[in-house]
*Asks:* 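Got a structure here, written out as structure tokens. Questions coming.
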Amino acid sequence: MSDRKYIFESYQLPSGVTLKNRVLLAPMTNFLSNDDGSVSDKELEYYKRRSGGVGAVITACANVNEYGKGFDGEIGAHRDDLIPSLRKLADAIHEKGSKAILQIFHGGRMCPPHLIPNEDVVSASAVAALRPNSPTPREMTEEEIQQTITDFGEATRRAIEAGFDGVEIHGANTYLIQQFFSPHSNRRDDQWGGSVEDRMNFPLAVVESVKSAVAEHAKGEFVVGYRLSPEEREEPGITMDDTLQLVDVLAKQDLDYLHISLSSFNQGSMRDENDTRPRIDLIQERVGSIVPVMGVGSLHTADDVEGALAKVPMISLGREMLMEPDWVEKVAKGEEDQIRTAMKLNQQEELAIPEPMWTKILNVPNWFPKEEE
Ligand SMILES: Cc1cc2nc3c(=O)[nH]c(=O)nc-3n(C[C@H](O)[C@H](O)[C@H](O)COP(=O)(O)O)c2cc1C
């Protein structure tokens, strides 16, 4: 039996939902859904293999409308006819004993044009991302902004009807909500852009729409989390000062958690290499007593996770749970020396990572440590 101090403590979120432990599956796009946005059987197997040990599974991002689809094989939460498929996913996660949280999302200017009706990629402003071959998006109209805010609420209603325990608003990783907060992608001078306060208006309107859907449709406790990336490299780009102002305001929205998206849990500034103070510490110190903070990023061993949980109440595991679906169970049984920390190239089936996810994982350089075994 494990004598780990934090991992196996249960945790009650502000909405009242209790997680049986403090480790969640990080949201990870798996490219496994059907073209119409419905969940495929191989995707259900992928999730079942990673459910049960963790307190909650946060799903891959699901688009809230057809202009927000960011990946081939993405789950859809944008039509009522997808509710039965979403229910299959929530049921598969519940069957194994974890809570199920649907990540809801709009890709904005990061959407590949071939996935968007008429290749009409939209964002806060007509500014392309600073990545090779990025399309220049069309600036959203007032009506489109209002519709998208409504769509986040509607996706939340579908998650509720499908039996999920919560939603995570994807305000991180350069997608639409972050694009409105970023001075790089948002050059508007109406109520949705300009000062840092005005750049918060879209993220806050999304939170309000989601919370109203919960108030109207949820029969009991329902989790609403918010994911954000604290900084951007671009100039202009989101600074830590901007983010501390954002979290001050988010902390007052009765959210269940803020999920701080970092590639390494204790990462310092990506804008100033001399500023090595962990971003997670700055956020925890600023708002951790008001809203629970969740960390993530390059946590692999039980020591890594215990160290992180000494700072924040919850963490999520991404790549580690792809390489080691039994992470929590092995720690619980005191089998920490059995934990895989590299992708075993001969264990695709055992790890339940079907094509095309497997090929993508293998092809991105330095994404995963790999072992032939
Ligand atoms: C294959 C893959 C897909 C991902 N897809 C998403 C996603 O859909 N939504 C999201 O917020 N983050 C996504 N991420 C980021 C992870 O949630 C996580 O923040 C990141 O991998 C760092 O954590 P880790 O070191 O534990 O993997 C993805 C990461 C990977 C490796």
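Every number for a ligand or one of its atoms is a count from 1 in the order of the listing.
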*Asks:* Answer yes or no: is there an ion pair linking Asp337 with Lys330, defined by an N-O contact shorter than 4.0 Å?
*Replies:* no
*Asks:* Around atom CG of Asn133, are there more than 12 heavy atoms of other residues, nucleotides or ligands at under 6.0 Å?
*Replies:* no
*Asks:* Could you label the plane-to-plane angle of the Phe202 and Phe152 rings as parallel, tilted or perpendicular, counting under 30° as parallel and over 60° as perpendicular?
*Replies:* perpendicular
*Asks:* Taking 4.0 angstrom as the limit and counting only heavy atoms of Cys61, give me the atoms of ligand 1 inside it, by number and element.
*Replies:* 8 (O)
*Asks:* Any chance NZ of Lys88 has more than 12 other-residue heavy atoms, nucleotides or ligands included, within less than 6.0 Å?
*Replies:* no
*Asks:* Could you list the atoms of ligand 1 found under 4.0 angstrom from a heavy atom of Ala26?
*Replies:* 17 (O)
*Asks:* Which protein heavy atom lies closest to atom 5 (N) of ligand 1, and at what distance to 0.1 Å?
*Replies:* Thr29 N, 2.8 Å
*Asks:* For Glu216, is there an ion pair with Lys211 - N to carboxylate O distance below 4.0 angstrom?
*Replies:* no
*Asks:* Hey, looking at atom 27 (O) of ligand 1, which of Gln103, Arg319, His259 has the closest heavy atom?
*Replies:* Arg319
*Asks:* When you check the gap from the basic side-chain N to the acidic O, do Arg271 and Glu235 get nearer than 4.0 Å?
*Replies:* yes
*Asks:* Is Ser298 in polar range of ligand 1, meaning some N or O pair under 3.5 Å apart?
*Replies:* yes
*Asks:* For ligand 1, indicate whether the residue Asn30 contacts it via side chain, backbone, both or neither (heavy-atom separation under 4.0 Å).
*Replies:* neither
*Asks:* Which of the atoms in ligand 1, numbered in the order shown and given with their element, are less than 4.0 Å from a heavy-atom of Asn173?
*Replies:* 10 (C), 11 (O), 12 (N)
*Asks:* Under a 4.5 Å cut-off applied to non-hydrogen side-chain atoms, are Arg50 and Leu322 in contact?
*Replies:* yes
*Asks:* For atom 26 (O) of ligand 1, what's the nearest protein heavy atom and its distance?
*Replies:* Gly318 N, 2.9 Å
*Asks:* Taking atom 14 (N) of ligand 1 as the point of reference, which of Pro27, Ala60, Ser229, Gly70 owns the nearest heavy atom?
*Replies:* Pro27
*Asks:* Does the side chain of Glu355 pick up a donor-acceptor pair with the side chain of Thr359 at under 3.5 Å?
*Replies:* yes
*Asks:* Which is closest to atom 2 (C) of ligand 1 in terms of heavy atoms, Phe265, Phe71, Trp367, Phe105?
*Replies:* Trp367
*Asks:* Going by heavy atoms, is Gly297 under 4.0 Å from ligand 1?
*Replies:* yes
*Asks:* Nearest heavy atom to atom 19 (O) of ligand 1: which of Arg227, Glu74, Met28, His170 does it belong to?
*Replies:* Arg227
*Asks:* Can you report which non-hydrogen protein atom sits closest to atom 20 (C) of ligand 1, along with the distance?
*Replies:* Val296 CG2, 4.8 Å
*Asks:* Is the closest side-chain heavy-atom distance between Val296 and His259 below 4.5 Å?
*Replies:* yes
*Asks:* Taking distance alone, with no angle check, do Glu168 and ligand 1 share an N/O pair under 3.5 Å?
*Replies:* no
